[in-house]
Amino acid sequence: IDGPMTASELRRSGILSSFTILRKLEGGILPLGFMKKVDDKKIKDGMNALIVEHSERALLNCLMNKLCKLDTDVLVGHNISGFDLDVLLHRSQACKVPSGVWSRIGRLKRSMMPKLTKGTTLYGSGASPGIMSCIAGRLLCDTYLCSRDLLKEASYSLTELSRTQLNKNREEIAPHDIPAKFQSSESLLQLIDCGETDAWLSLELMFHLSILPLTRQLTNISGNLWGKTMQGARAQRVEYLLLHAFHAKKYIVPDKSIGTSKSSIATKKRLASADVENRNDLHTDEHTEQVKSKKGPAYAGGLVLEPKKGLYDKFVLLLDFNSLYPSIIQEYNLCFTTIERSLDGLPSCLPSSTITGVLPELLKNLVERRKMVKSWLKTASGLKAQQFDIQQQALKLTANSLYGCLGFTNSRFYAKPIAELITSQGRDILQSTVDLVQNVLNLEVIYGDTDSIMIYSGLDDITKARIMAAKVIQEVNKKYRRLEIDLDGIYKRMLLLKKKKYAAVKVQFKDGKPYEVIERKGLDIVRRDWSLLAKESGEMCLCQILSGGSCDDVVETIHSYLMKVQQDMRNGEIELEKYVIRKTLTKSPEEYPDGRNQAHVQVALRMKQSGFSTGCSAGDTISYVICCVQGAISNSGGIAERARHPDELKTNNGNWIIDIEYYLSQQIHPVVSRLCAFIQGTDPARLADCLGLDASKFQHKTFESISNDPSSVLASVLDADDRYHGCEPLRLTCQSCSSSFDCPPILTFFSTSRDSTAMDFENNKETNNDFWRRFCCPRCPEDTEGSKITSAMIANQVKRQAENLISLYYKGIMICDDEMCKHTTRSLNLCVLGDSERGTVCPNYPQCNGHLRKQYTEAEVYKQLSYFCHIFDAKHCIEKLDSNRRVLFEKELKRIYPMINLAFATAQKIRDRCSYGWVQLNDLSVSV
DNA sequence: CTGGTAGGGGAAGACT
DNA sequence: AGTCTTCCCCTAC
């Protein structure tokens, strides 16, 4: 129990034995010749026994007697507390197994069966107190509950854990398939084998995760009960830890309030404060703010910096404070014994006491012990090393869980003021660290969350980046006694999308050699509640984006991948499993007030209705797919109505089919377009197009991104002059004299003549509007051969200039905004595309403090293309005129229209394509 | 009864 | 028809 047990040790013969007890089904018989097979198996398996009993009662009797005879110390099973024990005891009750027999499941003899069910079936609650009391004297190790505590996995089913942790395949047998297994000897033996394998897998998982040694260490540190540690019960561990610590210092601790009604809590608290009269008593929160219902956050937590979003392709430094909250408690001597209580509900002040409080001393002790163990660990090997490692883990876990219990309403040591003070100090520390790094060290902080900051180094050289990190660490650590910041990682490339959502290529070292791993945080692709299909698409895009390939290649690869996915989906080549979405029920499905709108609730309710007893109650994860009725024109109804369990689809003769459109537009598209938000050369509309969706539905997002960009103007509210301020004029070239001139907007034709008579503009040959009258090169003498500008010429030149512009945009030239620097660079590899508020740091840094900005932004390209449209937008001009003038120009327009219609259409086509997102040059096939 | 808060994002309904 | 609010789930720290 002191160290982990390896799989090879586990299998050494003679060490471990097993037995299986089997009975025939009610009203059924065992397969012919089965007993013969059992005898064969007995010989083959040696000490692994197979016992056949004639009834359920006999089976239970046999099992209980076996357990008694073995006098087992630990009962191990996957979800044993949530299922197996419950079944065994309920069936013992139902089969009238004598109390002297069923109580052998524990070490305490009992005569009455306790109440097995509990009031509320809560999420991950494990066994009821009644059940737990039955196994008194033995430890219960539920590998399901323990895995949930110790691992971060998408699924905690035995099948998944066997695969991810033990690298073994586990065969799943659905409960309703079990009766069929009794029909032949072969299948029955296979069933027995599966049952035994499951038991072994659970045991192996326990050893693999070192559950026994770890929980033993945790229990030794806190001084609580081992069995409770194994049930999770982190709050209780901290409670015991503090009880011991305060008791040792001769403090009186508060009673634990266990009432549910407000009045009983208040009474208890009054009693508690009456008991303790000196001011060394502990904080109790007099404001019994609705402890039960809803419970929003009771106090402010960690600070999350607004990220400077974008793709960074030079080194990013990740620095974080080592166990921030425990360090704060020590740094500022925060304790029940040191903090002045504020009566007015205002936040407490930092203590001035010079006497070290109980909590800081306790933590100091834990930290020192951990340091010591870690030093032993360095020279130890084998089992000793493993023990030390587990011990240091336990010490760290204990130190880190203290804060949580200070803020936990039902904790005996609930102390909102202290918890609040801790987090508030944490926020101050993070903010002042950011200020130091940005204002004193002049480095760019791009993000930070609670205890970490990320610094964009702007460096290509990892050695220089390390030096930079060392400098920052040195400067920050100067400021604190116990608090310590450290380098937690160096990212070679990083995509920063939102708060708590980013991915990065982390550079790590093994034996001095660097290697890269991709870290993904918070993104849709790490969440269970997206379909595998969407996550795989997102994963592919992310890998491309972080690959360091050229912008064109990345965009091209993503686009073609999406088109392939769409094709595969429509051809039915994607397996059902990839469409499955998983969500956990946090309540019983009936308890949802508005369950009608929730897919997983609806599916769970239907499962219950069709006779499932497990897998559809609180805490269970529900799998579903979104469907539509085959042949239906529109998908009416909410998502919840169209959600089906994958098995429902297999058995309903194809009435319901996968809703491909839903998966394209609501699963793949949002996931992918969020990842590509900062990638040049694509946008939501373009991605939608690749997926075969109506791109115009995503157009507003393009506009949104444009209007959010402060560099763009709010085009709609401005007059034409202002609106197109800064736009390149449309240059027309005369074929005769090869000189070029600016094509004036047609608006000038109307506006300059607004207050002039027809006579005036007859004589006005040098003005802009002369062009719109004559359609001739202004440089060439009148009526020169070839000086006439034709309709096709205008259209062609519009097209050419628009293409040039777009091509310039795609070159992605970045220019430094520092007037003195004006450094220009071509972003060959998806160059850093900073937040719109602030570009990325100039490569000339630190000589130059400017930031790179795109020379041509999407907004500017769009504005320019709109200007080209505006030049020819005669209809718009006419509409602005009053009826008198309108008549005057109708005649002129009849002449002008044929000349400009083609150019106008051309300009519009290009602009609209651009706004839809397909600004790829090869797509610009305008027929002229 | 069985640590904490911050935050994104889907879905639906109320509101303007 | 868009915006806001609410609930729900899952994640980061």
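As the structure is a prediction and not an experimental result, all values here were calculated from the model. Within every chain, numbering begins at 1; the chains are lettered A, B, ... in the order of the sequence lines, protein sequences first and strands thereafter.
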Donor-acceptor contact present, side-chain A:Ser452 to main-chain A:Gly448, <3.5 Å: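 Side chain of A:Ser452 to backbone of A:Gly448: no pair is present.
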Short side-chain to backbone donor-acceptor contact, A:Glu331 and A:Arg482, under 3.5 Å: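 Pair found, side chain donor or acceptor close to backbone of A:Arg482.
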Using atom [atom1] of [X] as one end and atom [atom2] of [N] as the other, report the distance to the nearest whole Å.
| X | N | atom1 | atom2 | answer |
| --- | --- | --- | --- | --- |
| A:His669 | B:dG10 | NE2 | C1' | 16 Å |
| A:Lys501 | B:dG8 | NZ | P | 8 Å |
| A:Leu497 | B:dG7 | CG | C1' | 14 Å |
| A:Ile328 | B:dT5 | CD1 | P | 16 Å |
| A:Glu306 | B:dA6 | CD | P | 15 Å |
| A:Asn597 | B:dA11 | CG | C1' | 7 Å |
| A:Tyr403 | B:dA6 | OH | P | 8 Å |
| A:Arg148 | C:dC10 | CZ | P | 11 Å |

Counting heavy atoms from C-beta on, name the nucleotide in [options] closest to the side chain of [X].
| X | options | result |
| --- | --- | --- |
| A:Ala298 | C:dC8, B:dT2, B:dT5 | B:dT5 |
| A:Tyr592 | B:dA11, C:dC8, B:dG9 | C:dC8 |
| A:Arg234 | B:dA11, B:dG3, C:dC10 | B:dG3 |
| A:Pro297 | C:dA12, B:dG10, B:dT5 | B:dT5 |
| A:Val304 | B:dA6, B:dT2, C:dT11 | B:dA6 |
| A:Pro129 | B:dC1, C:dT11, B:dG10 | B:dC1 |
| A:Tyr502 | C:dA12, C:dC9, B:dA11 | C:dA12 |
| A:Asn410 | C:dC13, B:dA12, B:dC1 | B:dC1 |
| A:Arg528 | C:dT11, B:dG9, C:dC9 | C:dT11 |

Counting the atoms with a prime plus P, OP1 and OP2 as sugar-phosphate, which does [X] contact under 4.0 Å by heavy atoms, base, sugar-phosphate, or nothing?
| X | answer |
| --- | --- |
| A:Asp449 | sugar-phosphate |
| A:Gly522 | sugar-phosphate |
| A:Ala419 | nothing |
| A:Val526 | sugar-phosphate |
| A:Arg596 | sugar-phosphate |
| A:Ala599 | nothing |
| A:Gln598 | sugar-phosphate |
| A:Tyr662 | sugar-phosphate |
| A:Gly404 | base |

Less than 4.0 angstrom between a side-chain N/O of [X] and OP1 or OP2 of [N], yes or no?
| X | N | value |
| --- | --- | --- |
| A:Gln666 | B:dA11 | yes |
| A:Lys152 | C:dT11 | no |
| A:Lys500 | C:dT11 | no |
| A:His600 | C:dC9 | yes |
| A:Thr586 | C:dC9 | yes |
| A:Thr584 | C:dC10 | yes |
| A:Lys499 | C:dT11 | no |
| A:Lys521 | C:dC13 | yes |
| A:Lys256 | B:dC1 | no |

First encountered from the 5' end of DNA chain B, between A:Asn400 and A:Arg527: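 Of the two residues, A:Asn400 wins.
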If you count the non-hydrogen atoms of other residues, nucleotides and ligands that lie under 6.0 Å from [atom1] in [X], is the total more than 12?
| X | atom1 | answer |
| --- | --- | --- |
| A:Lys396 | NZ | no |
| A:Lys228 | NZ | no |
| A:Tyr480 | OH | yes |

Parallel, tilted or perpendicular: rings of A:Tyr592 and A:His600 (30°, 60°):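 A:His600 and A:Tyr592: perpendicular rings.
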Whether A:Tyr144 and A:Tyr156 hold their rings parallel, tilted or perpendicular, with breakpoints at 30° and 60°: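 A:Tyr144 and A:Tyr156: perpendicular rings.
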Of A:Thr219, A:Asn220, A:Thr215, the residue whose pairing with A:Trp226 passes side-chain hydrogen bond (donor to acceptor under 3.5 Å, both in side chains):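 Only one of A:Thr219, A:Asn220, A:Thr215 forms a side-chain hydrogen bond (donor to acceptor under 3.5 Å, both in side chains) with A:Trp226, namely A:Thr215.
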